[in-house]
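Below is one structure, written out as structure tokens, with a few remarks after it.
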Amino acid sequence: MSMVRLGDKIRGREDLRVSFEFFPPKTEKMEETLWDSIKRLEPLQPNFVSVTYGAGGSTRERTHATVARIVKETSLKPAAHLTCVGASREEVDEVVQAYWDAGIRHIVALRGDMPELGTPYKPHEKGYQSVPELIRGIKAIGDFEVSVSAYPERHPESPDGDADLRLLQDKIEAGATRAITQFTFDSSIYGTFMERVEKAGIKVPIVPGIMPTTNFKGISRMAEKCGATVPGWLADYYEGLDDDLTTRKLIAAAVAVEQVHDLERMGFRDFHFYTLNQADLTYAICHILGLKPSTKPTPGLKAAE
């Protein structure tokens, strides 16, 4: 793990682009937290913000309501997640059309997970059978920008990394123009992955996903499920801090900043932050990286205050 002093800023922050991911709220209190986070991060002028979609489309209505409100009340460009799981083609097409009618022009197309945890994936008998098929369906309804997922490490259900790359190629051929990666904390894995991406002739931007590690135990469980490596040095950082949230936040910010610096030196300039609807940590990381709030007035925020 390389050492980076906080003062060693890489010059020219106009070349650094960020995007933020949120999840739709389940309660009024969570909705208040979400909109506080959106208002806090909006002045950083992210490239886009995405809103997740629950397993089996379980948050479909909340996702739609959130992205529609972002369009109406902020200057942000929202991207709505959409999956193949638990819905017929007709139902998915209705969601896509509703996004278009609401002014959303960017979709993150994903396979999705089954509603029951641990259940093997099974496509809906009347639904889209794969992400490339879903992308073609989306593009048939509107000229959406489509982002997809990519895996620096093997997807847990994939036979090997080559199969992951072939699927990514299929998604690009279907119309995807950006790939956002699953998080990983070992930056060297990105170097190996990008060598394989270039060898495969994949040209779309690959955007590293940056995951805060404040809740280290929770992130470790998530990493195990998605096949992401958790380095021993990272576990050492959090040893003995189960009841010390303040220190865990400080470590999480330092780890994220260091990883972004490592990835910048590899040539990456776009980064996707999984905010977990908590803005302060993401804001602090971006500030250290040199991203400053815009002084331009933001339209439409009164309704969200």
Side-chain angles (χ1 to χ4, degrees), residues 19-26 30-31 34-35 38 42 46-115 121-150 167-180 204-205 207 272 274-275 277 299-301 303-304:
S19 53
F20 304 131
E21 183 168 300
F22 303 103
F23 59 84
K26 295 181 180 179
M30 291 174 69
E31 183 167 7
L34 168 63
W35 283 94
I38 289 173
E42 182 181 10
N47 194 24
F48 64 91
V49 297
S50 69
V51 181
T52 63
Y53 202 73
S58 58
T59 61
R60 182 181 305 163
E61 290 78 17
R62 293 198 297 273
T63 299
H64 184 275
T66 301
V67 293
R69 185 175 170 186
I70 290 172
V71 168
K72 292 178 181 178
E73 299 181 9
T74 79
S75 62
L76 298 169
K77 297 178 180 178
H81 286 214
L82 186 65
T83 73
C84 302
V85 177
S88 68
R89 285 173 178 256
E90 182 179 359
E91 291 170 323
V92 172
D93 288 351
E94 288 176 357
V95 172
V96 175
Q97 186 63 57
Y99 283 149
W100 185 268
D101 293 343
I104 290 97
R105 297 293 183 265
H106 185 178
I107 289 178
V108 181
L110 306 164
R111 189 201 71 178
D113 297 317
M114 302 300 287
Y121 174 72
K122 183 179 180 181
H124 191 285
E125 59 180 10
K126 295 183 179 179
Y128 289 104
Q129 302 299 295
S130 67
V131 177
E133 197 173 276
L134 172 62
I135 294 169
R136 286 189 285 270
I138 291 169
K139 301 292 277 188
I141 292 171
D143 188 21
F144 288 92
E145 179 181 4
V146 179
S147 295
V148 294
S149 61
L167 178 56
L168 178 57
Q169 287 175 310
D170 289 344
K171 291 188 282 191
I172 294 166
E173 289 175 3
T177 56
R178 175 191 295 103
I180 301 169
V204 302
V207 182
H272 187 70
Y274 300 107
T275 71
N277 289 13
L301 276 181

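Below, all heavy atoms of this structure are taken into account, side chains as well, without hydrogens, waters or symmetry copies.
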Considering all heavy atoms, the nearest [X]-[Y] contact:
X    : Y    : result
V67  : P78  : O-CG, 3.9 Å
V108 : A79  : CG2-CB, 4.0 Å
A176 : V204 : O-CG1, 3.9 Å
Y99  : R105 : O-NH1, 4.3 Å
A109 : V131 : O-CG1, 3.8 Å
K171 : S149 : NZ-O, 3.0 Å

Atom [atom1] in [X], atom [atom2] in [Y]: separation rounded to 0.5 Å?
X    : Y    : atom1 : atom2 : value
R111 : L82  : CZ    : CG    : 14.5 Å
Y274 : F20  : OH    : CZ    : 13.5 Å
E145 : I138 : CD    : CD1   : 12.0 Å
L34  : T275 : CG    : OG1   : 8.0 Å
F22  : T52  : CZ    : OG1   : 11.0 Å
W35  : N277 : CH2   : CG    : 11.0 Å

**Asked** Looking only at atom types and distance, does a side-chain atom of Q129 sit under 3.5 Å from a main-chain N or O of G127, one as donor and one as acceptor?
**Response**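 Here the side-chain-to-backbone pair exists.
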**Asked** Would a distance-only check, ignoring hydrogens and angles, find a side-chain to backbone donor-acceptor pair under 3.5 Å from R62 to P25?
**Response**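 Confirmed, R62 side chain pairs with P25 backbone.
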**Message:** Under a 3.5 Å cutoff, is there a donor and acceptor pairing between the side chains of E42 and S75?
**Reply:**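 Distance-only check passes for E42 and S75.
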**Request:** Using distance alone, with no hydrogens and no angle criterion, decide if D101 and Q97 have a side-chain donor and acceptor under 3.5 Å apart.
**Result:**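 Per modelled atom types, D101 and Q97 side chains form a pair under 3.5 Å.
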**Asked** Is E31 paired with R69 through a side-chain N to carboxylate O contact shorter than 4.0 Å?
**Response**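 Counted as a salt bridge, because a side-chain N and a carboxylate O are separated by less than 4.0 Å.
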**Request:** Answer yes or no: is there an ion pair linking K126 with E90, defined by an N-O contact shorter than 4.0 Å?
**Result:**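 No, no charged N to carboxylate O under 4.0 Å.
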Using a 4.5 Å cut-off on heavy atoms from C-beta on, say whether the side chain of [Y] contacts that of [X].
X    : Y    : value
I38  : T74  : yes
N47  : R178 : yes
Y53  : I107 : no
C84  : E133 : no
Y128 : R136 : no

**Message:** Below 30° counts as parallel, above 60° as perpendicular, anything between as tilted: where do the rings of W100 and F144 land?
**Reply:**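 Taking F144 first and then W100, their aromatic rings stand perpendicular (interplane angle over 60°).
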**Prompt:** If you count the non-hydrogen atoms of other residues, nucleotides and ligands that lie under 6.0 Å from NZ in K139, is the total more than 12?
**Reply:**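 Enclosed.
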**Message:** Applying side chain to side chain donor-acceptor pair (under 3.5 Å), can you list everything that pairs with S19, at least two apart in sequence or on another chain?
**Reply:**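 Side chain to side chain donor-acceptor pair (under 3.5 Å) check on S19 returns H272.
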